[in-house]
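Here the structure comes first, spelled out in structure tokens, and everything after it is commentary.
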Amino acid sequence: QKEVEQDPGPLSVPEGAIVSLNCTYSNSAFQYFMWYRQYSRKGPELLMYTYSSGNKEDGRFTAQVDKSSKYISLFIRDSQPSDSATYLCAMKASGTYKYIFGTGTRLKVLA
Amino acid sequence: SQTIHQWPATLVQPVGSPLSLECTVEGTSNPNLYWYRQAAGRGLQLLFYSVGIGQISSEVPQNLSASRPQDRQFILSSKKLLLSDSGFYLCAWSAPGGLLYEQYFGPGTRLTVT
């Protein structure tokens, strides 16, 4: 079993839709959670980062962590064609240097 | 603000040739540095990380090596490339200590071994 599971997609939605991207994990020691956006042939760009459980909002993006269910989500409101990219989740345990990544979900927002 | 550079951006090398990819970080001191490889349609594979000058941890035994000759410089090398070394190589940094945990990536180097 992988430490982090992420549906590879592709996920296709119409412009303006609310997008929900998710990751599940198995290691209860993970405390730091991140979401990255990666455009084709580019490096990943850090979108959101959260510590432990709860919600964090930044503009159209909301990151949600449910440690009891070992489940994290990224919501994108009013999705735009420019949001079309691969979204990677990442997580880290306290006291470690290694980050564990999901394989990424490819999102397509259709105009 | 901090920036991270990688070069070259693209590279085409024949099998058996040597490799040297460079990564530098500006605007921070004593960063943790990382090399990842991303194969087409696959996730990020951690290759090496470094928490200080001369300190290298290897995650995957293979024909690649890494060095950190200066505080903000991280180099990925190979003496003889294999076809399987093709991929997108990403350098990343995170702040030292435990107060900040975000990791930031460079623009990447696309390596094709022919």
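Lettering follows sequence order; numbering is per chain, from 1.
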Distance, nearest 0.5 Å, that separates [atom1] of [X] from [atom2] of [Y]:
X     : Y      : atom1 : atom2 : result
A:Y32 : B:S94  : OH    : OG    : 11.5 Å
A:M48 : B:E102 : CE    : CD    : 12.0 Å
B:L46 : A:I100 : CG    : CD1   : 8.0 Å
B:L90 : A:K42  : CG    : NZ    : 12.5 Å

Are [X] and [Y] linked, directly or through other ILVMFWY residues, by side chains that come within less than 4.5 angstrom of each other?
X     : Y     : result
B:L33 : B:L21 : yes
A:Y36 : A:M91 : no
A:L88 : A:F75 : no
B:V15 : B:L11 : yes
B:W93 : B:Y89 : yes

Where the side chain of B:Y34 meets the backbone of A:Y97, is there a donor-acceptor pair that is under 3.5 Å apart? yes

If we ignore hydrogens and angles and just use 3.5 Å, is the side chain of B:Y101 paired with the main-chain N or O of A:M34 as donor and acceptor? no

Under a 4.5 Å heavy-atom cutoff, which of A:P8, A:G102, A:P44 has the most pairs with chain B? A:P44

Write down the atom of A:Q38, the atom of B:F88, and the distance for their closest heavy-atom approach. NE2-CE2, 3.9 Å

Inspect the surroundings of OH in A:Y49 and state if more than 12 heavy atoms from other residues, nucleotides or ligands are less than 6.0 Å away. no

Heavy-atom neighbours of A:R60 CZ exceed 12 at 6.0 Å: yes

Please look at B:Q38 and chain A and tell me whether the side chain, the backbone, both or neither of the residue comes under 4.5 angstrom of a heavy atom of that chain. side chain

Is the shortest side-chain heavy-atom distance between B:Y49 and A:Y99 below 4.5 Å? no

Side chains of B:Q103 and A:L46 in contact at under 4.5 Å (non-hydrogen atoms): no

Distance-only criterion, 3.5 Å: show the donor-acceptor pairs between side-chain atoms of residues 107-114 of chain B and protein atoms not counting sequence neighbours.
residue: B:T109; atom: OG1; partner: B:P8; partner atom: O; Å: 2.5

Tell me, side chain or backbone of A:Y51 under 4.5 Å from chain B's heavy atoms, or both, or neither? both

Within residues 104-111 of chain A, residues adjacent to chain B where the heavy-atom gap is under 4.5 Å: none

